[in-house]
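Structure first, commentary second.
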Amino acid sequence: MLDQIKYKSENKIELTADELKYILNISDLEEMKSLFEISYKVKEKYIGKKVWFRGIIEFSNICKKDCYYCGIRKSNKNVERFMMKEEEILKGAKWAFDHNYGSVVLQSGERDDKAFVDFITSVIKKIKEISEGKLGITLSLGEQTYETYKTWFDSGAHRYLLRIETTNKNLYSKLHPNDHDFETRKKCLYLLKDAGFQVGTGVMIGLPEQSIDDLVNDILFFKELDVDMIGMGPYLVSENTPTAQLISNFDEIKERQYHLGLKMIAAVRLYLRDVNIASTTALQALKTYGREMGLKAGANIIMPNVTDTFYRSSYQLYNDKPCIDENSDLCIDCLESRIINIDEEIGFGEWGDSPHFINKNLKVNDKDEN
Ligand code: SAM
Ligand code: SF4
């Protein structure tokens, strides 16, 4: 079957759902290695030997939502809540800019009050000011109204990450309280597109009760939505959360979570080809070199944490989050050498927009001109 998948990937023939399922079910380590060689080739063909950095600033853990799996959910009383000041966020953005990162990601718990919306609008404008418009801005701030998305887009942010988490509606409802609605989240992805954003989505991989068929359907959903970026990663246990109570043997399944995370990257690269795919911190939480392995499986984005170390321990979505103590200067040295070691080049100073988004717009412009 892998030969057939290789042939199809070399000849731009779309994989079937059964082939995606085959990929996700591979358990033989040699076969997995061959799979990653195939998916890496596709990455090389459509993206090049390139990795783009997005400096992520996790500026607040205050959240009005209560997702059952998340360490900073509203009901977790063991978390000390924080909200960084504007100048602290700008300091992180300036650090990223000075170190030639092409863009930053602003991420936080979800809030939709006016003070928050205005605060973000101001931060976006100021990041643009201090970088003379050069730093790209991605947002990951949850579900908002069209007006809010449009305001943030018009202020200068141009990419937005909103994971659908899982496309199995039944599973979605088990992972969230009743007032967290799958259809609303899905609708937000369309609102983001309408507002002009490059849109990224993704899922958690290896959730309790999630099947391989669910993951295949997630990949089909990414295609249906025609997204530009994928940010997905293994589900990791966060103690004191309801979802964690469903798993008694997480240590035993860590290896499976890790491999499933890598196989999802490979499957998505083979199926969607020219989108940006992040190799997420959750992979690194499972294996020291997890993020590098994600790149070798077909991912092309890394989001180094540039948040002030003072706040990092309060933004723990799951147990054993890496790089909590290392400051950004240490992170960049360690990351650069790791990436050079795997023979990839860092796209310093570039926004690193998804080739899928660029190609889509070229086609629209061509049509307009004809
Ligand atoms: N609040 C915004 C939202 O939910 O879209 C953005 C921040 S939220 C912390 C970012 C992502 O963290 C979520 O989309 C979710 O997939 C991920 N996450 C939360 N808890 C997790 C866990 N226990 N394991 C892995 N990923 C998790
Ligand atoms: Fe809040 Fe996002 Fe965590 Fe859900 S995943 S509880 S919205 S921070």
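For ligands, and for the atoms within them, numbers begin at 1 and follow the listed sequence.
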Between the candidates [options], which shows the shortest non-hydrogen contact distance to [atom]?
atom                    : options                : value
atom 21 (C) of ligand 1 : Arg111, Met204, Glu58  : Met204
atom 7 (C) of ligand 1  : Pro234, Ser108, Gly142 : Ser108
atom 4 (O) of ligand 1  : His180, Arg185, Gln257 : Arg185

Taking all non-hydrogen atoms of both residues into account, name the closest pair between [X] and [Y] and its distance.
X      : Y      : result
Ile219 : Ala267 : CD1-CB, 3.8 Å
Lys128 : Ile137 : CE-CD1, 4.0 Å
Gly290 : Ser279 : O-OG, 4.2 Å
His180 : Tyr172 : O-CE2, 3.5 Å

With respect to Ile120, which candidate in Leu141, Ile89, Thr151 satisfies the side-chain contact (heavy atoms from CB on, under 4.5 Å) definition?
Leu141

Which of the numbered atoms in ligand 1 are under 4.0 angstrom from any heavy atom belonging to Ser140?
6 (C)

Find all atoms of ligand 1 within a distance of less than 4.0 Å from any non-hydrogen atom belonging to Cys70, and give their numbers and elements.
19 (C), 20 (N)

Excluding sequence neighbours, so at least two apart, what forms ring pair (Phe, Tyr, Trp, His ring centres under 6.0 Å) with Tyr68?
none

Could you work out, with ring pair (Phe, Tyr, Trp, His ring centres under 6.0 Å) as the rule, every residue matching Phe197, not counting sequence neighbours?
Phe153, Tyr160

Donor-acceptor pair, Arg273 side chain versus Val268 backbone, under 3.5 Å?
no

Say whether Asn276 and Asn300, considering side chains only, have a donor N or O and an acceptor N or O under 3.5 Å apart.
yes

With no hydrogens and no angle check, do the side chains of Glu58 and Tyr311 hold a donor and an acceptor under 3.5 Å apart?
no

Testing Arg185, Lys186, Lys64, Arg163 one by one against Glu143 for a salt bridge (Lys or Arg N to Asp or Glu O under 4.0 Å), which residue passes?
Arg185

For Tyr258, does the six-membered ring have the charged nitrogen or CZ of Lys287 within the cation-pi criterion, i.e. under 6.0 angstrom from the centroid and within 45° of the normal?
yes

Non-hydrogen protein atom less than 4.0 angstrom from atom 2 (Fe) of ligand 2
no

Does [X], backbone or side chain, put an N or O under 3.5 Å from an N or O of ligand 1?
X      : answer
Gln107 : no
Tyr315 : no
Leu236 : yes
Ser238 : no
Arg163 : yes

Atom 13 (C) of ligand 1: closest protein heavy atom, distance to 0.1 Å, is Glu165 OE2, 3.3 Å

Which residue holds the protein heavy atom closest to atom 12 (O) of ligand 1, what is that atom called, and what is the gap in Å?
Leu317 CD1, 3.5 Å

side-chain hydrogen bond (donor to acceptor under 3.5 Å, both in side chains) partners for Gln198, two or more places apart:
Asp353

Note: Lys65, heavy atoms under 4.0 Å from ligand 1, region reported as neither

Closer than 2.8 Å to atom 1 (Fe) of ligand 2, how many protein N/O/S atoms do you count?
1

Are the charged groups of Glu86 and Lys126 less than 4.0 angstrom apart, N to O?
yes

With the threshold set at under 4.0 angstrom, would you say Gly231 reaches ligand 1 through any of its heavy atoms?
no

For ligand 1, is there an atom lying under 4.0 Å from some heavy atom of Ala282?
no

